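Below you'll find the structure, written out as structure tokens, and then a few comments.
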Amino acid sequence: MGPILHVHETICYNLYMARGPFCHAGERYIMNQEIKKITDGAMMIAIVGAVLLMDRQLAGTLSSMLLFLFPLPMVFYSAKYGLKASGMVLGALCALVFILGTPQSMFFVISESVIGTIYGASVHAGTENRRILLRTLFLGGIVELLAMVIFASFFGYDVTSEITEYTKIMDQLTAQTGVEFPVSLTNADSLRTLFVISAILTGVMEGMVTHLAARLMLKRLRFPVPKSTPIEQYYPPKWTGYLAFGAMCVYYYSIFRPFDAEVYQTAAMALGTLGLIYLLGFGVLAVLIFVPKVFPKIRMWLVLIVVLMVFTMSLPLAITGFLYITTDLHERISKGGVYASEN
């Protein structure tokens, strides 16, 4: 048994010595990855710090005009390393913002960095693109709404004084032109509701720009970005179209015949505005799909046409959005034209 045991021990020793270099190589690889993770995090924090210093020199111009670009550093980091590894970098970034930022930039930069972290972590986890977009839009709206509340109570932004000035302007226009504006356009509660809705919509638009900029950046950096849903496949449930159309009808009714109770009037204005915007969005979508298929030569003027239609033909465009949601107009437009099913 002696020689056999000796051979067995020799084989085990050789295997141990053989796997040792590979183990050390693996440890070196892991260590290099950790160093790279720390280096990337420090780079992202340095980028934000440099932008904050520039923002202070420019009197807050960057944090107010380019707010949708602030999430991008954390989008890159969390998309590469995931949510768990991004927590420490986000904490260090927040500490840097407290040192270099102003009160206004503190709120916006930290909020947008949180949005970027959630966005990048969703990309890292392979979440569906539609869910990522909805999360970004929702968080963007919440940030702008909180900004209005915080600025009103902390930074001296007085919504009430803004509404008072607006009503004074409307009264002056009425005195100069002799045109009586609807009471709902000069009512303080209705105007306050419209201010809140405008803040939410501003955040939603900023979230959309953040989403597009993040996808462009990640694609250029060769990240595995979730596939985007083609524009022709955005089709909501039909009941949302009926609900939005009903809210829009109540909105127009409240303009010409305001409710006696201010609570009802405010609710009608708020819900009706959201319903109108919802239908307008899908009306624009219908135009964007249909016009290039029928008139390919005016594709380059399509954006200008849509903008003009939104400002001059909002009601017909909203009705088009209602038909797009509740009828087979979506299917027929997607197949090449409104008369495609008859050919």
Side-chain angles (χ1 to χ4, degrees), residues 137-138 141-142 144-145 148-149 152 159-205 234-288 290 305-330 333 338:
L137 299 183
F138 175 77
I142 293 297
E144 286 295 333
L145 182 60
M148 175 175 284
V149 175
V159 179
T160 304
S161 63
E162 292 283 339
I163 294 174
T164 303
E165 291 297 325
Y166 180 81
T167 53
K168 288 182 180 178
I169 293 174
M170 298 296 289
D171 292 338
Q172 292 176 0
L173 289 176
T174 301
Q176 293 175 1
T177 61
V179 178
E180 289 289 340
F181 292 96
V183 179
S184 58
L185 294 180
T186 57
N187 182 270
D189 293 328
S190 300
L191 291 174
R192 188 175 290 106
T193 302
L194 292 177
F195 269 64
V196 172
I197 292 175
S198 65
I200 295 174
L201 292 178
T202 301
V204 168
M205 288 188 291
Y234 279 99
Y235 188 64
K238 290 186 177 182
W239 64 267
T240 60
Y242 290 110
L243 183 63
F245 185 77
M248 185 184 71
C249 292
V250 174
Y251 168 76
Y252 280 105
Y253 179 84
S254 66
I255 289 178
F256 295 102
R257 290 191 177 182
F259 294 99
D260 295 331
E262 293 184 357
V263 177
Y264 296 151
Q265 180 67 20
T266 302
M269 293 291 292
L271 296 176
T273 304
L274 293 176
L276 178 63
I277 293 171
Y278 183 78
L279 295 179
L280 276 175
F282 284 98
V284 169
L285 189 60
V287 173
L288 291 176
F290 175 70
I305 293 172
V306 169
V307 171
L308 292 176
M309 290 181 68
V310 168
F311 286 101
T312 60
M313 303 173 60
S314 59
L315 184 57
L317 200 61
I319 294 175
T320 302
F322 171 71
L323 297 175
Y324 181 86
I325 298 172
T326 58
T327 66
D328 63 341
L329 184 62
H330 164 263
I333 289 177
V338 293

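This one's a predicted model, so the numbers in the text were calculated from it and none came from an experiment.
- Closest of all the heavy-atom pairs between G275 and A247 is CA-CB, 4.5 Å.
- Shown here are the ring-ring contact (aromatic ring centres under 6.0 Å, His included) partners of Y252, two or more places apart in sequence or in another chain: there are none.
- With sequence neighbours left out, the side chain to side chain contact (heavy atoms under 4.5 Å, CB included) criterion links A244 to Y278, L279.
- Partners of I142 according to the side chain to side chain contact (heavy atoms under 4.5 Å, CB included) rule, which considers only residues two or more places apart in sequence or in another chain, are F138, L146.
- The distance from atom CG of L280 to atom CE of M248, rounded to the nearest 0.5 Å, is 8.5 Å.
- Distance check: I325 CD1 to L285 CG gives 9.5 Å after rounding to the nearest 0.5 Å.
- Ring-centre distance between F322 and Y242: below the 6.0 Å cut-off.
- Between A318 and L276, the shortest heavy-atom contact is CB-CD1, 3.8 Å.
- In this structure, CG in L317 is found 12.5 Å from CZ in F282, a value given to the nearest 0.5 Å.
- Here the side chains of V204 and E144 are not in contact, with every heavy-atom distance at 4.5 Å or above.
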